[in-house]
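Note sheet for the following structure.
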Amino acid sequence: MSYERDQDFGGNMTHGGAYPAGGGYPRQDDDDLRGASEHATRHAGSSGSSDLFSNLLGALTQKKQSLANEDVDEDDAVKQHKRFFGRDDDDGEADDKSMGSAAAMQALKMFTGGQSGNTAESSSQSAFVGLAMAEASKLFDQKASQGKVSSDSSKESAVMKAGEMALKMYLKSGGGSSQSSGSSLLGFASKFL
């Protein structure tokens, strides 16, 4: 009888479906970004695919711990946002980092202005990161159609940079430590928007 119980226990350990394959990260972290692909796909429209966002979010989740220790270059992000979304648009080539920073800042502006869609999750980390990635996808397509994207930049890289920047903004704002992530980002945004 005890032998059977051991077998059951072993089976449960092996096949327990609580953690995704290749895990090693707290499930809460995975949950934080799980909806981001859906948000990004919805906001990007024809500019992005769920496969693109899902693949990049997988990589982003793995970088989360290291990103938490990186600074946010707020001045540069503001400058890039003015360049791409303001009246300072120039004829210079756009690279993935500048487009990513500008898209994350645009997402912050939309997010804190209540333009991110009135869903129950609209003030969550996944909604903010997804919005930034969608904005980067749209911005890349816009610049590519104008022939203004540097030759060594790719859409994947621009979208990834936006996701990284948005995640750093979110973590720096203290969004990860409180229930009200929207208000944390609002305080963060009020410094320079």
Side-chain angles (χ1 to χ4, degrees), residues 20 22-37 39-40 43-44 48 52-85 93-112 116 123-140 143 149-150 152-193:
Y25 295 94
R27 287 183 66 209
Q28 184 183 350
D29 279 1
D30 293 340
D31 288 340
D32 283 346
L33 291 173
R34 191 162 290 154
S37 176
H39 283 284
H43 283 287
L52 168 73
F53 296 126
S54 294
N55 290 338
L56 293 176
L57 281 162
L60 191 62
T61 300
Q62 293 180 21
K63 293 180 73 172
K64 186 173 180 180
Q65 295 310 114
S66 61
L67 288 171
N69 298 320
E70 291 182 21
D71 283 332
V72 175
D73 190 341
E74 295 161 5
D75 293 338
D76 182 65
V78 169
K79 186 174 83 176
Q80 300 304 339
H81 182 264
K82 283 181 181 169
R83 178 182 165 198
F84 291 114
F85 291 95
E93 285 193 328
D95 61 37
D96 45 18
K97 184 176 185 296
S98 61
M99 284 187 282
S101 292
M105 188 61 75
Q106 176 67 4
L108 182 65
K109 194 172 183 180
M110 293 171 70
F111 194 78
T112 55
S116 59
S123 62
S124 69
Q125 176 180 325
S126 63
F128 177 53
V129 172
L131 190 59
M133 295 174 90
E135 286 299 315
S137 187
K138 290 194 286 189
L139 181 60
F140 183 92
K143 291 297 169 186
V149 174
S150 63
D152 58 349
S153 296
S154 68
K155 178 184 265 193
E156 287 81 4
S157 183
V159 172
M160 185 68 177
K161 294 288 184 193
E164 289 176 2
M165 176 62 96
L167 193 51
K168 286 195 286 186
M169 286 176 172
Y170 181 88
L171 295 169
K172 188 173 182 185
S173 75
S177 61
S178 77
Q179 292 294 314
S180 183
S181 53
S183 60
S184 301
L185 278 170
L186 192 59
F188 181 72
S190 68
K191 294 192 294 183
F192 46 82
L193 279 183

Kindly indicate, with the supporting measurements, whether the criterion side-chain hydrogen bond (donor to acceptor under 3.5 Å, both in side chains) is fulfilled by S101 and S98.
CA-CA 5 Å; S101 292; S98 61; over 6 Å; no
Could you walk me through whether L139 and F85 pass side-chain contact (heavy atoms from CB on, under 4.5 Å), step by step?
CA-CA 9 Å; L139 181 60; F85 291 95; 4.1 Å; yes
Is there a side-chain contact (heavy atoms from CB on, under 4.5 Å) between K109 and H81? Walk through the geometry before answering.
CA-CA 10 Å; K109 194 172 183 180; H81 182 264; 3.9 Å; yes
Tell me, with the steps shown, if L52 and K155 meet side-chain contact (heavy atoms from CB on, under 4.5 Å).
CA-CA 9 Å; L52 168 73; K155 178 184 265 193; 4.0 Å; yes
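In terms of heavy-atom proximity, E156 sits nearest to L56 at O-CD1, 3.6 Å. Minimum heavy-atom separation, M169 to L108: SD-CD2, 4.2 Å. Nearest heavy atoms, Q125 versus Y170: OE1-CE2, 3.0 Å. Closest approach of F84 to K143, counting heavy atoms only: CD2-CE, 3.5 Å. Considering every non-hydrogen atom in both S54 and S37, the closest pair reads OG-OG, 3.0 Å. Across A40 and A134, no two heavy atoms sit closer than the pair O-CB, 3.4 Å.
By the 4.5 Å heavy-atom criterion applied to side chains, H39 and L131 are not counted as neighbours. Using a 4.5 Å heavy-atom threshold, the side chains of K63 and M160 count as touching. Counting only heavy atoms from C-beta outward, the side chains of F140 and D96 never approach each other to under 4.5 Å. Under the 4.5 Å side-chain criterion, counting only non-hydrogen atoms from C-beta, V149 is not in contact with D95. By the 4.5 Å heavy-atom criterion applied to side chains, V159 and M99 are not counted as neighbours. The shortest distance between side-chain heavy atoms of L57 and V129 falls below 4.5 Å. Looking at heavy atoms from C-beta onward, E135 lies in side-chain contact with M110 at the 4.5 angstrom threshold.
Under the 4.0 Å criterion applied to side-chain N and carboxylate O atoms, K172 and E74 are assigned as salt-bridge partners.
With S157 contributing its side chain and S153 its backbone, the two residues share no donor-acceptor pair below 3.5 Å.
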